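Read the structure below first, then the notes.
By convention in this document, chain letters (A, B, ...) are assigned in the order of the sequence lines, proteins followed by strands, and residues within each chain are numbered from 1. Just so you know, these numbers use all the heavy atoms, side chains as well, and skip hydrogens, waters and symmetry mates. Owing to the predicted nature of the structure, the values given are computational and were not obtained by experimental measurement.
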Amino acid sequence: MTTSTFSKTDEYGFKRPDDFDYLEYEKFMTAYLNYLTRRNMEWISLMIYNPQLKRNSKLKKFVRTGIPLILRGPGWISVSGGQKLKDKYGSNTYRQMLDKPINEDVKNIILVDIPRTYPDNIYFQPNSDNQKALFRILCAFAACNPDIGYCQGLNYIAGLLLLITKNEESCFWLLRVLVENILPDYYSKTMDGVIVDIEVFSRLVKKKCPEVSKHMIALEMPWALVATKWFICLFSEVLPIETTLRVWDCLFYEGSKILFRVGLMLVKHYKHDLLACEDISSLAECFKSIVQQPFPLNCHIFIKQMFTEIGSLPMSLINDLRKQVTAERNAANKSTSKNKKV
Amino acid sequence: MANRAVPQRPNGQTPGKICQFKLVLLGESSVGKSSLVLRFVKGQFHEYQESTIGAAFLTQTIHLNDVAVKFEIWDTAGQERYHSLAPMYYRGAQAAIVVYDITNQDTFERAKNWVKELQRQATPGIVIALAGNKLDLNTMRSVQTDESQTYAYENGLLFMETSAKTSANVTEIFKAIAEKLPKNETTNTAGQGRRLVESEGANKSLSSCCK
Ligand SMILES: Nc1nc2c(ncn2[C@@H]2O[C@H](COP(=O)(O)OP(=O)(O)OP(=O)(O)O)[C@@H](O)[C@H]2O)c(=O)[nH]1
Ligand SMILES: [Mg+2]
């Protein structure tokens, strides 16, 4: 598309892929910009009587319509409980954590990963301020979570937080809220939480889209192959950027169950494409391509449908499934260690 | 595509035997697993390659005489804590490339642990290749060729020193694996029906996947 008015990088600094569909994007953006203008007006009036963005059912509904970009940083901090965390530990914490020494090995892995984080993004070029800030955020995070230290994947999350909030300290708190409060044990030394959630997801698919579940088994495709990145990166680097941000709006407000909703929405919407795959290679390709399709690109439709099409997904169900899977894993571990002893 | 593996068969020619194998890459983070795959599959190299989260899946076909060998490549994340996910990825693999960085002794030790684990827990008879990557950084070498060569010999592994950057030995190592994999039972149809389906993964021995 030579006539496209869109540049080769998006507004967040990400390079658009060579095969980027400018035509489809233009179609989407024209409609979405109107939507954004309308939504911003609504948010302005909301802010008049809820300036602190205190959680209530109206705000939840608003968050689902998307937080305006300029409000995202402070918005995420308020709705996620980040502010509470900040109040609890004191606003000096970030400085203190920067001064606290961390394990050299941890520091080295972080160092190696800095230039490997969004290398195509114009705001993450070698020796840029953003790279330095990212390094400090990840080190400070490791300092206050020595049991976790650094887990690959956190670099992408912190990096995107930085691009959006443009504030190092906010990033630090948001990263803490995600890891310490919102996500169960994803980034720990054993990554148990994510292994459990992949299995929980697989059971939810079995329940909501049994054909896809059967098909995955028939083609010997473990959910871990696709879902690990979904969960670890919280769909950053997976979904189109605008959609990722809309997902994060909901994630910060509603918690980790949102991740299941997003995954289920993709599976459900592309059920026929997935079922048409005859071997594992085409299935893997299919999973890579569906996230680039117009449906996930049209973030407002995607998010809307994710709440209307999937049906109810109460936290109690997720918690029950998590408990069940954890218990099964523990039992299996026990029996294998017993066998080893014999 | 100048560095593309072996030229594809020209269209129109009757295809010979097609074999499909699952190959997994293992090794410490940042040793160059994804870079080797990127070089092999796309003939490219990125100075800053993004760290792999979970696993990435790619395919590439090479031709040995009249046999087309299609690799289903599972490129995994290297950080130690992703280890607990690894069995899900190497389950049912017929081949593995265990990668280390010749400038970093620790990565060689980690590679040995991977070899041990594969020999104990992966598909019996799995073809394992050891790749000492970043050969272009020879001047900063800390793992001597002799040492790895001996280790590989004693453990029945294929061994090559490679460079994803210069492409040295990249196609060669995949080719060496292809040559070592069993390729009996011929038919010449592509499509459905793949290698033996195993419900217990590691318990059955390696079998040919040719169609
Ligand atoms: N000089 C040199 N650098 C290399 C070579 N192969 C990879 N690299 C660089 O080493 C870094 C890590 O490479 P990756 O391919 O991402 O390593 P990986 O093993 O996939 O790492 P994880 O995905 O984190 O497990 C990248 O910056 C590459 O550019 C090589 O042969 N020579
Ligand atoms: Mg990699």
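- Contact annotation: the side chain of Asp101(B) never approaches that of Asn133(B) to less than 4.5 Å [non-hydrogen atoms, C-beta and beyond].
- Tyr48(B) places a side-chain heavy atom less than 4.5 Å from the side chain of Pro126(A).
- Proximity to chain B (any heavy atom under 4.5 Å) is shown, for Ile148(A), by both the backbone and the side chain.
- The main-chain N or O of Ala164(B) is never found under 3.5 Å from a side-chain atom of Ser167(B) such that the two would form a donor-acceptor pair.
- Heavy atoms closer than 4.5 Å to chain A are found in both the backbone and the side chain of Ser84(B).
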If you apply the rule salt bridge (charged side-chain N to carboxylate O under 4.0 Å, His left out), what do you find for Glu199(A) with Arg329(A), and how did you get there?
CA-CA 10 Å; Glu199(A) 180 56 26; Arg329(A) 272 170 51 85; over 6 Å; no

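- The part of Tyr156(A) that comes within reach of chain B is its side chain, from C-beta onward, which places non-hydrogen atoms under 4.5 angstrom from that chain.
- The existence of a salt bridge linking Lys112(B) and Glu109(B) is confirmed by a sub-4.0 Å separation between a basic side-chain nitrogen and an acidic carboxylate oxygen.
- The parts of Glu50(B) that come within reach of chain A are both its backbone and its side chain, each placing non-hydrogen atoms under 4.5 angstrom from that chain.
- Options Pro222(A), Ala224(A), Gly153(A), Ala284(A) differ in how many heavy-atom pairs under 4.5 Å they form with chain B, and the most are formed by Ala224(A).
- Aromatic ring orientation, Phe201(A) versus Phe260(A): parallel (interplanar angle below 30°, classes split at 30° and 60°).
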Hey, can you pull the donor-acceptor pairs under 3.5 Å for the side chains in residues 137-146 of chain A, sequence neighbours left out?
| residue | atom | partner | partner atom | Å |
| --- | --- | --- | --- | --- |
| Asn145(A) | ND2 | Glu180(A) | OE2 | 2.8 |

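- A perpendicular orientation is assigned to the rings of Phe71(B) and Phe40(B), their planes being inclined by more than 60° (bins at 30° and 60°).
- Between Asp10(A) and Arg16(A) no salt bridge is recorded (no basic side-chain N to carboxylate O distance below 4.0 Å).
- Using a 4.5 Å cut-off between heavy atoms, Ile217(A) does not touch chain B at all.
- Scanning residues 134-144 of chain B against chain A with a 4.5 Å non-hydrogen threshold yields no residues.
- Most heavy-atom pairs under 4.5 Å with chain B: of the set Pro119(A), Ser188(A), Ala227(A), Cys151(A), this distinction falls to Cys151(A).
- Separating the CD1 atom in Ile53(B) from the CG atom in Asn155(A) is a distance of 6.0 Å, to the nearest 0.5 Å.
- Checking Gln293(A) against Tyr270(A) by side-chain atom types alone, no donor-acceptor pair falls below 3.5 Å.
- When each of Met191(A), Lys229(A), Glu285(A), Lys288(A) is scored by its heavy-atom pairs under 4.5 Å with chain B, the top score falls to Met191(A).
- Ranked by heavy-atom pairs under 4.5 Å with chain B, the list Val226(A), Ile232(A), Ile198(A), Leu225(A) is led by Leu225(A).
- For chain A, the nearby part of Tyr89(B) is the side chain; its heavy atoms alone come within less than 4.5 Å.
- Comparing Gly78(B), Gly54(B), Ser51(B) by how many heavy-atom pairs each has under 4.5 Å with chain A, the most go to Ser51(B).
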